[in-house]
Amino acid sequence: MFIVSKKFSFNTVCKAMLIIGIISETLKIFTYIIINEDTYGGLLPKTDLPFHLCSIQILFVIVLNYSKNENLKRFLMSFMYPSCLIGGLAAIFIATSSSLNNWVITFQYFIYHAAIIVLALNICTRKEIKLTVKDYFNSLKFVGILMFVAIYINSIIDDGSGKINFMYVVSPPQDGLPFLTEKYGWLVYIVHYACLILFALTMCYIKPIIVAIKEKAAAKKISPLITPETASTADTEKSENKTE
């Protein structure tokens, strides 16, 4: 999918991702309503609302396609790159039990997460985008905001079943995971979760971070050469050249 996508413009990739997202959500909504008809009737189970890190990307893709605000689009892409890449890979390698509810859901689950990984790879490899350290800090800000918002959303939607766990700020996505464990309480879990996110985001932006460090070091080497004496000499030479 990624190899094929590189043959098209980034705008075309975003349009294709929007189509995939709409088809994916439509399949998921109707399939979940039908298979849960006896329990929920014509309603979608609360656990399947689009508030997870991966499903919420559809809203951001809509902005990429229709917004004319380049700064907003850049801000969203700075977050979408690591979240789609890490979230998509995590969803595939640590597939939740919901992906096995129905063959349609299984198909939708893996194709959709593969598609957002392809989108992330396009964001980080396109020369016209060229991610920087500023994008890294924007991404950190956004993920911090979303974690707090997710806590509120989980609290509002919670129905007492203990199954509402959007963005996994309540508990780990699976039992028995190393590092992400509730063994020592929620506070230790959320700190571990935040540290893991920080590490993953930093690794995604390691190249622009290294470039920025090298540029800063190079600037420090040049700055001592520009002393007040050399600056005044340069100004004198410029004025003499103008007089001549």
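Taking CD1 of Ile105 as the start and CG of Leu27 as the end, the distance is 7.5 Å to the nearest 0.5 Å. Of the inter-residue distances, the one linking Ile197 atom CD1 with Ile86 atom CD1 reads 8.5 Å to the nearest 0.5 angstrom. With rounding to the nearest 0.5 angstrom, the CG atom of Leu43 is 15.5 Å from the OH atom of Tyr32. In this structure, CD1 in Ile117 is found 4.0 Å from CG in Leu89, a value given to the nearest 0.5 Å. Expressed to the nearest 0.5 Å, how far CG of Asp48 lies from CZ of Phe166 amounts to 7.5 Å. Separating the CG atom in Asn154 from the NZ atom in Lys163 is a distance of 15.0 Å, to the nearest 0.5 Å.
For Ser55 and Lys28, the side-chain atoms include no donor-acceptor pair closer than 3.5 Å.
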### Task
May I have the step-by-step check of side-chain contact (heavy atoms from CB on, under 4.5 Å) for Met167 and Ile56, ending in yes or no?
CA-CA 10 Å; Met167 296 191 189; Ile56 203 173; 4.2 Å; yes
### Task
Test side-chain contact (heavy atoms from CB on, under 4.5 Å) on Met17 and Leu64 and set out the steps.
CA-CA 10 Å; Met17 185 61 228; Leu64 293 187; over 6 Å; no
### Query
Checking side-chain contact (heavy atoms from CB on, under 4.5 Å) for the pair Ile190/Met147: CA distance, chi angles, key distance, verdict?
CA-CA 10 Å; Ile190 205 68; Met147 284 184 72; 4.1 Å; yes
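The hydrophobic cluster containing Met203 does not contain Phe93, counting ILVMFWY residues as joined when their side-chain heavy atoms lie under 4.5 angstrom apart, directly or transitively. Ile157 and Tyr152 are assigned to two separate hydrophobic clusters, defined by single-linkage of ILVMFWY side chains at heavy-atom distances under 4.5 Å. Clustering ILVMFWY residues whenever any of their side-chain heavy atoms sit less than 4.5 angstrom apart, transitively, puts Leu187 in the very cluster that holds Ile151. Met1 is connected to Ile92 through a chain of hydrophobic side-chain contacts under 4.5 Å among Ile, Leu, Val, Met, Phe, Trp and Tyr, so both are in one cluster. Tyr193 and Val191 fall within the same hydrophobic cluster, defined by Ile, Leu, Val, Met, Phe, Trp and Tyr side-chain heavy atoms under 4.5 Å apart, directly or through other members.
Side chains of Leu18 and Tyr66 form a contact here, defined as non-hydrogen atoms less than 4.5 Å apart. You'll find the side chain of Tyr189 reaches within 4.5 Å of the side chain of Tyr168, heavy atoms only. Counting only heavy atoms from C-beta outward, the side chains of Asn138 and Phe142 never approach each other to under 4.5 Å. Thr125 is listed as a side-chain neighbour of Lys6, based on a closest heavy-atom distance under 4.5 Å. Annotation: side chain of Phe10 is in contact with side chain of Asn122 (closest heavy-atom distance under 4.5 Å). Using a 4.5 Å heavy-atom cutoff, the side chains of Thr12 and Lys15 are not in contact. Counting heavy atoms from C-beta on, the side chains of Pro50 and Ile58 never come closer than 4.5 Å. Leu131 is not listed as a side-chain neighbour of Tyr136, based on a closest heavy-atom distance of 4.5 Å or more.
For the side chain to side chain contact (heavy atoms under 4.5 Å, CB included) criterion with Asp158, the lone passing option out of Asn165, Ile153, Ile164 is Ile164.
Between Phe179 and Phe199, a ring centre-to-centre spacing not shorter than 6.0 Å is recorded.
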Listing, residues 73-85 side-chain donor-acceptor contacts under 3.5 Å, not counting sequence neighbours, or none:
residue	atom	partner	partner atom	Å
Lys73	NZ	Ser67	O	3.4
Arg74	NE	Asp135	OD1	3.1
Arg74	NE	Asp135	OD2	3.4
Arg74	NH1	Ile129	O	2.5
Arg74	NH2	Ile129	O	3.0
Arg74	NH2	Lys130	O	2.8
Arg74	NH2	Asp135	OD2	2.6
Ser78	OG	Phe75	O	2.5
Tyr81	OH	Cys204	O	2.7
Ser83	OG	Gln57	NE2	2.9
Ser83	OG	Phe79	O	2.7
Ser83	OG	Met80	O	3.4

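Applying the 6.0 Å contact sphere to CG of Asp175 captures no more than 12 heavy atoms from other residues, nucleotides or ligands. More than 12 heavy atoms of other residues, nucleotides or ligands lie within 6.0 Å of CZ in Phe2, so this atom counts as buried by the packing criterion.
Pro172 approaches Leu180 most closely through the heavy-atom pair CG-O, 3.5 Å.
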